[in-house]
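Naming convention: chains lettered A, B, ... in sequence-line order (proteins, then strands); numbering from 1 in each chain.
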Protein chains: 2
Amino acid sequence: MSVSTSQVKLRVLPSGRTRILDEAAKLFLSGGYGDTSLRDIASAVGIQPASIYHHFHSKEELFTEILRIGVEHTTRAFDEVTETLATTLRSLDPQETLLAHIEAHLIALFEHGPYTAANIVAFPVAPEAVKSAVVPIRDQYEQRWDTLLQSLATSGLLDPNLDVRMARRILLGSINSTIEWFTPKQYSRKKKDAQSVNDLANVMTTLVWKGIAR
Amino acid sequence: MSVSTSQVKLRVLPSGRTRILDEAAKLFLSGGYGDTSLRDIASAVGIQPASIYHHFHSKEELFTEILRIGVEHTTRAFDEVTETLATTLRSLDPQETLLAHIEAHLIALFEHGPYTAANIVAFPVAPEAVKSAVVPIRDQYEQRWDTLLQSLATSGLLDPNLDVRMARRILLGSINSTIEWFTPKQYSRKKKDAQSVNDLANVMTTLVWKGIAR
DNA sequence: GCGACACCCTAACGAACGTTCGGTAGCTCG
DNA sequence: CGAGCTACCGAACGTTCGTTAGGGTGTCGC
């Protein structure tokens with residue numbers, strides 16, 4: 001008890017800038033860019049609208065930063081999986097590789113919630129200036145998927161008629177759109193159709209790999 | 001030449017209300033609900049903002065109507081395919097059935113452009129009142145897909161481990177997300193990767209049916 | 001030829017918006 | 001102790017927003 005309470009709080013609780021980002025991400029996620037005002041964000045954080053300008057130059061910069069963080073989380077998750085798989089000695093089943101990356105993407109989507117999810121629902125209707133700022137780092141992430149799928153293709157593991165870039169877009173599109181209907185087990189209230197992110201990843205991978213046909 | 005020019009124009013050109021809907025749909029599609037003002041819409045149509053209120057009670061009603069029309073187009077397209085397939089005497093290949101419905105959905109998405117597309121990109125960040133007004137008719141459409149897939153499942157044509165509702169959600173999610181990257185041949189400027197909606201439907205169907213694995 | 005109605009106008013309302021400015025409390029460090 | 005910095009506040013700015021009120025003009029049925 002010798003450590004002062006204020007010091008502990010400062011370490012544990014998010015600082016001002018992070019608090020703004022967290023609350024803003026939630027609001028942008030549910031209301032988009034135009035319908036979320038800086039006054040909404042400020043009141044969610046418990047500060048005055050003017051105080052936001054101490055941390056960000058403009059509303060657009062704040063929004064761009066949120067999208068950037070979201071992509072960053074996803075990219076890092078992808079790279080960690082790649083690294084883990086590389087250091088694993090056992091031979092790599094291609095379907096397991098796919099599963100690991102799909103799961104990582106889904107975890108980023110549902111676990112780091114608002115930041116990543118905002119990239120799905122709020123990006124398409126974002127101001128042009130925001131879009132063009134985020135597109136380059138989104139491209140970097142998509143490039144990783146292209147590389148992964150291409151390596152599977154050159155190993156002869158994919159349908160040779162498949163357009164890899166097209167397959168990647170459809171694949172990521174289907175994964176991302178789960179944000180609109182899936183609720184992970186731990187957050188769901190009704191136990192009925194509740195499943196874990198892991199379950200979802202398994203279903204998605206099987207579906208992508210083998211299709212829906214018997 | 002006995003028919004007066006004005007009469008012909010009145011039949012061919014969209015009337016005031018339709019013009020408003022058309023322009024508004026385009027703007028809502030690219031900017032979402034909050035960032036699209038009635039003044040933007042009015043100036044695109046070439047009228048005054050106040051004139052919109054002669055046709056719609058509020059901005060929300062206008063937006064809701066656009067989303068409603070979009071779903072209506074998609075639903076009608078689905079039903080027309082069902083009817084056509086029913087009156088066709090030859091036996092129905094399940095994959096062809098799927099292809100026909102996927103193609104119909106994609107045509108509605110890219111041909112009736114803004115109305116249907118707005119349901120994909122602008123709906124998730126729409127005001128709650130708008131969402132709850134559109135959800136019931138969206139459900140009706142999704143119900144048709146559930147029925148279709150369920151009939152395939154009970155015929156033993158689908159993977160028995162498959163959750164039909166989940167598969168439908170993933171399937172529709174992947175189809176809908178094409179709106180963010182696909183540009184049909186006739187509209188595309190660069191000939192390189194240009195393909196028709198029909199081509200896209202074929203790729204999607206094969207992918208959904210058999211997966212990406214060789 | 002005249003009321004009724006559809007359609008669009010000008011003008012303006014109050015509210016909400018992003019943003020700016022000057023100031024202040026508290027902490028750090030010489 | 002006091003200069004300097006971080007984090008925030010209160011008040012206000014000019015602008016834009018959705019919406020309303022009231023008026024004008026053309027067309028159509030009677």
Side-chain angles (χ1 to χ4, degrees), chain A residues 3-25 27-28 30-66 122 125-130 133, chain B residues 3-25 27-28 30-66 122 125-130 133:
Chain A
V3 180
S4 84
T5 314
S6 67
Q7 266 188 349
V8 170
K9 272 192 179 174
L10 279 173
R11 297 272 169 189
V12 172
L13 260 57
S15 72
R17 185 186 147 95
T18 307
R19 286 253 304 148
I20 293 172
L21 285 167
D22 284 348
E23 297 298 329
L27 290 169
F28 282 136
S30 63
Y33 182 76
D35 277 325
T36 304
S37 70
L38 291 179
R39 283 170 173 82
D40 290 338
I41 297 167
S43 99
V45 178
I47 59 175
Q48 295 299 314
S51 303
I52 295 177
Y53 284 83
H54 180 70
H55 301 277
F56 304 95
H57 293 105
S58 67
K59 186 186 177 186
E60 277 198 357
E61 186 192 293
L62 168 59
F63 187 47
T64 305
E65 176 68 4
I66 287 172
V125 288
E128 219 55 49
V130 175
Chain B
V3 180
S4 82
T5 315
S6 68
Q7 267 187 349
V8 171
K9 273 193 178 174
L10 279 173
R11 298 270 168 191
V12 172
L13 259 57
S15 72
R17 183 186 148 94
T18 308
R19 285 253 304 146
I20 293 172
L21 285 167
D22 283 347
E23 297 299 329
L27 290 169
F28 282 136
S30 63
Y33 182 77
D35 277 326
T36 303
S37 70
L38 291 179
R39 283 170 174 83
D40 291 338
I41 297 168
S43 99
V45 178
I47 58 175
Q48 294 299 314
S51 303
I52 295 176
Y53 284 82
H54 181 71
H55 301 278
F56 304 95
H57 292 104
S58 68
K59 186 185 176 186
E60 276 199 357
E61 186 192 294
L62 169 59
F63 187 47
T64 306
E65 177 68 4
I66 287 171
V125 288
E128 219 55 48
V130 176

Walk along nucleotides 3-15 of chain C from 5' to 3' and tag each nucleotide B, S or - by protein heavy-atom contact under 4.0 Å, base first, then sugar-phosphate. ---SBSBBBB---

side-chain contact (heavy atoms from CB on, under 4.5 Å) between A:His55 and A:Glu65, worked out: CA-CA 11 Å; A:His55 301 277; A:Glu65 176 68 4; over 6 Å; no

Pull out every protein N or O sitting under 3.5 Å from an N or O of nucleotides 23-27 of chain D, one pair per line with the distance.
none

Shortest non-hydrogen contact from A:Gly31 to A:Asp35? O-CB, 3.3 Å

Round to a whole Å and report the spacing from CZ of A:Phe56 to P of C:dG18. 15 Å

Side chains of residues 43-52 of chain B: which donor-acceptor pairs under 3.5 Å do they make with residues two or more places apart or in other chains?
unit_1, atom_1, unit_2, atom_2, d
B:Ser43, OG, B:Asp40, O, 3.4
B:Ser51, OG, B:Gln48, O, 3.4

If I take atom OH in residue A:Tyr53 and atom P in nucleotide C:dC17, what distance separates them, rounded to the nearest angstrom? 12 Å

To the nearest Å, give me how far apart CG (B:Leu38) and C1' (D:dT20) are. 13 Å

Please list all pairs meeting salt bridge (Lys or Arg N to Asp or Glu O under 4.0 Å) that have one or both residues in residues 51-63 of chain A, counting only residues at least two apart or in different chains. none

Just jot down the side chain to side chain donor-acceptor pair (under 3.5 Å) partners of B:Asp22, sequence neighbours excluded, or say none. B:Tyr115

Roughly, in whole Å, what's the span from NZ in A:Lys59 to C1' in C:dC17? 8 Å

Between C:dA16 and A:Ser37, is there an OP1 or OP2 to side-chain N/O distance shorter than 4.0 Å? no

Return the value, rounded to whole Å, for the distance between atom OH of A:Tyr33 and atom P of C:dC17. 13 Å

Please name all residues satisfying ring pair (Phe, Tyr, Trp, His ring centres under 6.0 Å) with A:Tyr33, sequence neighbours left out, ordered by chain then number. A:Phe28, A:Phe63

Roughly how far apart are B:Thr36 OG1 and B:Glu23 CD, rounded to 0.5 Å? 12.0 Å

To the nearest Å, give me how far apart NE2 (B:His57) and P (D:dT19) are. 12 Å

Please examine the side chains of B:Phe56 and B:Thr64, heavy atoms only from C-beta on, and report whether any two atoms are closer than 4.5 Å. no

Rounded distance (Å) that lies between atom C1' of D:dG10 and atom CD1 of A:Ile52: 15 Å

Ignoring hydrogens, what is the shortest heavy-atom contact between A:Leu62 and A:Ala24? Give both atom names and the distance. CD2-CB, 4.1 Å

